[in-house]
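Report on the following structure.
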Amino acid sequence: MKVLVTGGLGFIGSHTVVELQNKGYEVVIIDNLSNATLNVLDGIEKITGIRPEFEKLDLRDKEKVIDFFNRHKNIEGIIHFAASKAVNESVNKPLLYYENNLNTLIFILQQMAERSLQNFIFSSSCTVYGEPDELPITEQAPVKPALSPYGNTKQIGEEIIRDNTKAHNIKSIALRYFNPIGAHPSGYIGELPRGVPQNLVPFVTQTAIGIREQLQIFGNDYDTPDGTAIRDYIHVVDLAKSHVVALERLMNNNNKKAYEVFNIGTGQGSSVMEVVKSFEKINNVKLNYKIVGRREGDVPAIWADTSLAEKELGWKAELTLDDALRDAWKWEKNIRDAKNFK
Ligand code: UFG
């Protein structure tokens with residue numbers, strides 16, 4: 001069975017390709033390389049022994065996408081990662097985000113309808129919940145007004161997929177990711193942020209290795225046990241596996257509704273300070289950090305109720321925060337050793 005993975009050279013995409021190949025699926029990746037490098041293919045091949053088929057393709061290039069689908073008639077499922085994901089950038093370039101994340105989504109769904117392709121997995125985000133009223137947060141919690149154009153593309157994306165599913169014979173699952181971190185335990189693939197990392201764990205590893213001088217912890221005056229903000233950090237390998245089970249649910253017609261939504265987290269909240277302390281302890285390194293003011297747009301605390309995914313997908317995160325921080329550090333050390341990443 002052939003699976004199309006858009007954005008398959010990115011952080012979550014590449015780990016999902018590994019898990020698909022490990023389970024015997026044939027994978028074709030398209031990626032425009034806007035936030036990924038071709039070395040990722042080597043990493044996937046080293047881990048799985050298989051070099052996945054890859055085409056450099058921008059989903060905005062409609063003619064080329066049509067040509068791609070014309071040449072690949074045997075695709076059974078699509079996992080759609082390709083999207084822009086920097087919250088800050090989206091505030092300054094909203095149209096780029098709406099174009100990249102929504103126009104391309106619509107176009108893929110149109111292609112699926114025309115070609116009677118049925119199984120679609122969408123990368124959504126816990127950002128759709130905004131600031132939660134109750135914790136842990138379930139899929140029934142209301143979707144709140146988005147805090148950024150990026151967040152809005154995830155909300156609108158979900159709505160587009162829901163409406164499209166009703167109108168066409170397409171089955172879809174939106175996975176609402178909490179905070180993906182870590183890297184493959186082999187150290188061959190991981191996160192590769194361009195420029196200054198906006199997310200906590202890449203900033204932590206880059207500080208520990210000496211690329212950044214100091215980690216800033218954004219706020220210690222939240223209403224949380226140690227005052228720093230709480231998130232549900234999920235190991236990227238666990239997250240990747242959730243895509244495989246979600247796709248299999250659709251391919252085996254085990255879905256209860258044509259459009260379903262699942263939280264994908266660990267169910268455990270960890271504070272920024274806990275992440276910093278765990279990183280130092282598990283890796284035996286000292287981190288230079290200081291507390292600064294809150295970052296605009298951050299919610300104080302969010303973590304997932306994952307019981308629906310557990311019940312329906314039979315999926316549960318297995319790796320711990322320590323595992324993720326150990327693997328992230330191994331990856332950081334590997335890429336800085338490798339000349340071609342410097
Ligand atoms: N943080 C720091 N210092 C940093 C970076 C982050 O203290 O240098 C803190 C943040 O304030 C936050 C926590 O670490 O409390 C996690 O921050 P991240 O940027 O790693 O993750 P976010 O929870 O802000 O963002 C994630 C996804 C986004 C998504 C968002 C929705 O990365 O794609 O959740 O809540 F939009």
Side-chain angles (χ1 to χ4, degrees), residues 7 10-13 35 81 83-91 94 97 100-101 122-132 135 137 141 143-158 175-182 191 193-208 211-236 239 263-266 268-279 287-304 321 324-325 328:
F11 176 41
I12 306 169
N35 198 19
F81 292 105
S84 300
K85 62 167 185 180
V87 176
N88 266 350
E89 185 188 44
S90 79
V91 174
Y97 274 66
N100 262 351
N101 296 7
F122 179 63
S123 303
S124 189
S125 165
C126 68
T127 192
V128 301
Y129 297 121
E131 191 170 335
L135 287 166
I137 197 150
V143 166
K144 301 258 183 83
L147 293 170
S148 69
Y150 161 77
N152 212 20
T153 66
K154 294 299 174 190
Q155 294 189 1
I156 298 170
E158 284 194 6
L175 299 177
R176 289 178 178 163
Y177 310 155
F178 282 69
N179 286 54
I181 61 163
E191 195 169 5
R194 292 241 157 113
V196 182
Q198 304 299 308
N199 295 116
L200 178 62
V201 172
F203 208 105
V204 164
T205 56
Q206 289 196 8
T207 305
I211 297 172
R212 311 283 154 208
E213 203 178 316
Q214 188 174 51
L215 169 75
Q216 297 190 325
I217 295 183
F218 298 134
N220 68 346
D221 57 350
Y222 287 107
D223 185 14
T224 60
D226 65 20
T228 63
I230 293 177
R231 296 288 182 276
D232 184 338
Y233 295 94
I234 175 165
H235 196 298
V236 65
L239 175 60
N263 282 346
I264 303 295
T266 65
Q268 296 281 321
S270 305
S271 73
V272 177
M273 197 52 92
E274 282 170 336
V275 171
V276 167
K277 293 293 161 202
S278 303
F279 180 85
L287 205 61
N288 181 20
Y289 66 85
K290 73 166 177 194
I291 310 282
V292 299
R294 294 182 180 192
R295 182 171 73 177
E296 205 188 316
D298 276 348
V299 300
I302 185 163
W303 66 92
L321 179 65
L325 295 172

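Atoms within each ligand, like the ligands themselves, are counted from 1 in listed order. None of these values were measured; they are calculated from a predicted model.
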Can you sort out which atoms of ligand 1 are near I217, meaning under 4.0 Å from one of its heavy atoms? 7 (O)
A quick test of your reading: do over 12 heavy atoms of other residues, nucleotides or ligands sit less than 6.0 Å from CD of Q206? yes
When you look for heavy atoms under 4.0 Å from ligand 1, do you find them on the side chain of V87, its backbone, both, or neither? side chain
Which bit of V201 is near ligand 1, meaning a heavy atom under 4.0 Å away: side chain, backbone, both or neither? neither
Do N263 and Y129 meet the criterion of a side-chain donor-acceptor pair at a distance under 3.5 Å? yes
With a heavy-atom distance limit of 4.0 Å, tell me whether Y233 approaches ligand 1 through its side chain, its backbone, both, or neither. side chain
Ligand 1 versus D298, non-hydrogen atoms closer than 4.0 Å: side chain, backbone, both, neither? side chain
Answer side chain, backbone, both or neither: which part of R294 comes under 4.0 Å from ligand 1, heavy atoms only. neither
Is the Lys NZ or Arg CZ of R294 less than 6.0 Å from the centre of Y222's six-membered ring, within 45° of the axis? yes
Tell me whether K85 forms a cation-pi arrangement with F11, defined as NZ or CZ under 6.0 Å from the six-membered ring centre and within 45 degrees of its axis. no
Do any nitrogen or oxygen atoms of K85 lie less than 3.5 angstrom from nitrogen or oxygen atoms of ligand 1? no
Side-chain contact test, heavy atoms from C-beta onward, threshold under 4.5 Å: evaluate it for V143 versus R176 and give yes or no. yes
I need the contact type for V272 against ligand 1. Using non-hydrogen atoms and a strict under-4.0 Å cut-off, is it side chain, backbone, both or neither? side chain
Between Y150 and Y97, what is the ring plane arrangement, given parallel below 30°, perpendicular above 60°, and tilted in between? perpendicular
I need the contact type for T228 against ligand 1. Using non-hydrogen atoms and a strict under-4.0 Å cut-off, is it side chain, backbone, both or neither? neither
